[in-house]
Structure formats: C-alpha cells, structure tokens
Amino acid sequence: MPNAHDTVTSYFNALVARDAETLIEMMLPAAHYVKIGTDADEIVEGSAEIAAYYQNHVASTEDFSITFINLDVQERDDVAWFYTRQVWKLKWQGTPEEFVMRMTGVLEKIDDSWKFAQIHASIGASTTEDTL
C-alpha cells in the first residue's frame, strides 16, 4: 500500500502524464470533497464533478512539466496533509505558461488507500525589486 507521500507524488505524475482516470480514482468520492483551483470559477464541491474537471484539465494541457521547489507530506493515522511549491511549465489551452504553483491538500485513508479530500492551488505572485 502506498503511503501518503507516494500518493501525493503519484498525483503530480498523473497530472504531467495527462492521466485523467488515475486522477479521478485518487479523489475521495464524498460530499465534503473540495478542489479550489487558480481561476476565479475553478471550484469543485462534492464528488459529482470530479470526472468532468479532470477530463477537462488533461484535455487542456500539453507539454507539461513540474519541478518541485519543496514538498512536505505529513501523515497521522487516517489523515494526511501536504504543502508544495513547484514550477509548472505547460501549454494551457495552447498558450505557453510558466509559473510557481503553491498547493495544499488533505487526504483521507479509505480501505487502505489514500484519497484526496481537499486540494487548494494558487499561483505565486512575481516579485521584483521594483515591487518590493
């Protein structure tokens, strides 16, 4: 059985591989599931829209790579949480992008398998000496 750290790493591998089925399987099928993305209207509450969300995500993404700046995963009994900062390089809906992604999340252990119950993503704002 994979531990929580392996599950979080597998999530990002599935994103890069554009593997919607694996991503969908990793989500907790529960009313309290929440995914908050970076766009103003990018929120999934409950499990009914998980499949459509991840199918759209992988269909909209090309040339995807993730470089980890850091990843911390903590696990206690049947609950785990993570924090990561990463550099994402991709084509999103055909437009090349590169940015620092910050993500946190909560996982629950169900039947000896870790499932994502909550994911929150935000894009780090660029800072330069002009804005300091």
Side-chain angles (χ1 to χ4, degrees):
M1 173 184 77
N3 61 30
H5 188 279
D6 293 342
T7 301
V8 171
T9 301
S10 293
Y11 172 81
F12 293 110
N13 290 340
L15 277 177
V16 169
R18 301 173 63 204
D19 183 352
E21 293 308 312
T22 296
L23 292 164
I24 293 163
E25 177 62 30
M26 297 177 90
M27 301 305 122
L28 184 69
H32 63 272
Y33 172 85
V34 176
K35 166 68 169 84
I36 300 172
T38 59
D39 292 341
D41 62 348
E42 189 180 355
I43 184 165
V44 178
E45 295 175 308
S47 57
E49 299 300 317
I50 290 171
Y53 174 83
Y54 281 104
Q55 288 164 348
N56 179 63
H57 190 284
V58 301
S60 301
T61 306
E62 301 173 69
D63 303 330
F64 196 178
S65 69
I66 295 175
T67 303
F68 284 86
I69 298 170
N70 71 330
L71 174 61
D72 181 40
V73 181
Q74 299 294 316
E75 182 180 320
R76 307 288 187 278
D77 300 320
D78 292 340
V79 177
W81 55 96
F82 75 94
Y83 159 71
T84 185
R85 283 185 306 134
Q86 308 159 336
V87 176
W88 283 26
K89 293 180 185 179
L90 66 147
K91 284 186 185 172
W92 177 252
Q93 299 176 349
T95 303
E97 297 188 22
E98 180 176 341
F99 49 86
V100 175
M101 179 65 77
R102 303 172 302 186
M103 296 179 75
T104 60
V106 178
L107 297 88
E108 293 182 29
K109 190 186 296 183
I110 306 294
D111 299 327
D112 292 327
S113 179
W114 288 103
K115 302 286 185 178
F116 289 86
Q118 184 179 94
I119 300 172
H120 182 265
S122 65
I123 297 173
S126 297
T127 57
T128 65
E129 292 189 12
D130 295 333
T131 62
L132 296 178

Legend entry - Path from F64 to V58 over hydrophobic side-chain contacts below 4.5 Å: yes

Legend entry - Minimum-distance pair of heavy atoms, taken over all atoms of V8 and F116: CA-CZ, 3.9 Å

Legend entry - Between OG on residue S113 and CD on residue E108, distance to nearest 0.5 Å: 12.0 Å

Legend entry - Shared hydrophobic cluster for W88 and Y53 (ILVMFWY, side-chain gaps under 4.5 Å): yes

Legend entry - By side-chain contact (heavy atoms from CB on, under 4.5 Å) - contacts of T22 (at least two apart): A14, D19, M26

Inset, instruction - Please round to the nearest 0.5 Å and tell me the distance separating atom CD of E97 and atom CG of L90. - result: 5.5 Å

Inset, instruction - Could you tell me whether a side-chain N or O of D72 sits under 3.5 Å from a main-chain N or O of F82, the two making a donor and an acceptor? - result: no

Inset, instruction - Identify the two heavy atoms, one from P2 and one from D6, that lie closest to each other, and give their separation to 0.1 Å. - result: CB-CB, 3.9 Å

Inset, instruction - May I ask you to check whether H5 and Q74 show a side-chain donor-acceptor distance below 3.5 Å? - result: no

Legend entry - Gap separating the CD1 atom of I119 from the OG1 atom of T104, nearest 0.5 angstrom: 9.5 Å

Legend entry - Within-4.5 Å side-chain heavy-atom neighbours: V87 and E98: yes

Inset, instruction - Any chance you could measure N56, atom CG, to Q93, atom CD, to the nearest 0.5 Å? - result: 7.0 Å

Legend entry - K115 side-chain N/O to E25 backbone N/O, donor-acceptor pair under 3.5 Å: yes

Inset, instruction - Could you tell me whether a side-chain N or O of E49 sits under 3.5 Å from a main-chain N or O of V44, the two making a donor and an acceptor? - result: no

Inset, instruction - Look at the side chain of T38 and the backbone N and O of S122, then say whether any donor-acceptor pair between them is shorter than 3.5 Å. - result: no

Inset, instruction - Could you walk me through whether R102 and T84 pass the side chain to side chain contact (heavy atoms under 4.5 Å, CB included) test, one step at a time? - result: CA-CA 6 Å; R102 303 172 302 186; T84 185; over 6 Å; no

Inset, instruction - State yes or no: do L71 and L107 share one hydrophobic cluster built from I, L, V, M, F, W and Y residues joined by side-chain heavy-atom distances below 4.5 Å, directly or via other members? - result: yes

Inset, instruction - Compare every heavy atom of E75 with every heavy atom of A4, then report the nearest pair and how far apart it is. - result: N-OE1, 3.0 Å

Legend entry - Non-hydrogen atoms of H57 and W92 that approach each other most closely: O-CZ3, 3.7 Å

Legend entry - Nearest atoms (heavy-atom pairs only) where I24 meets A51: CD1-CA, 3.6 Å

Inset, instruction - Please report the closest heavy-atom contact between W114 and D77, naming both atoms and the distance. - result: CH2-O, 3.6 Å

Inset, instruction - Using the side-chain hydrogen bond (donor to acceptor under 3.5 Å, both in side chains) rule, collect all pairs that involve residues 8-18, keeping only residues at least two apart or in two chains. - result: Y11-Y54

Inset, instruction - Verify whether the ring centers belonging to F68 and F12 lie closer than 6.0 Å. - result: yes

Inset, instruction - First locate atom CD of Q118, then atom CD of E45, and finally report the distance between them rounded to the nearest 0.5 Å. - result: 11.0 Å

Inset, instruction - Supply the members, apart from I110, of the Ile/Leu/Val/Met/Phe/Trp/Tyr cluster built from side-chain contacts under 4.5 Å; use none for a lone residue. - result: L28

Legend entry - L23 reachable from I66 in the ILVMFWY side-chain graph, under 4.5 Å edges: yes

Inset, instruction - Nearest 0.5 Å please: distance from the CD1 atom of I123 over to the CE atom of M101. - result: 5.0 Å

Inset, instruction - Walk me through it: do K35 and E42 pass the test side chain to side chain contact (heavy atoms under 4.5 Å, CB included)? - result: CA-CA 8 Å; K35 166 68 169 84; E42 189 180 355; 4.1 Å; yes

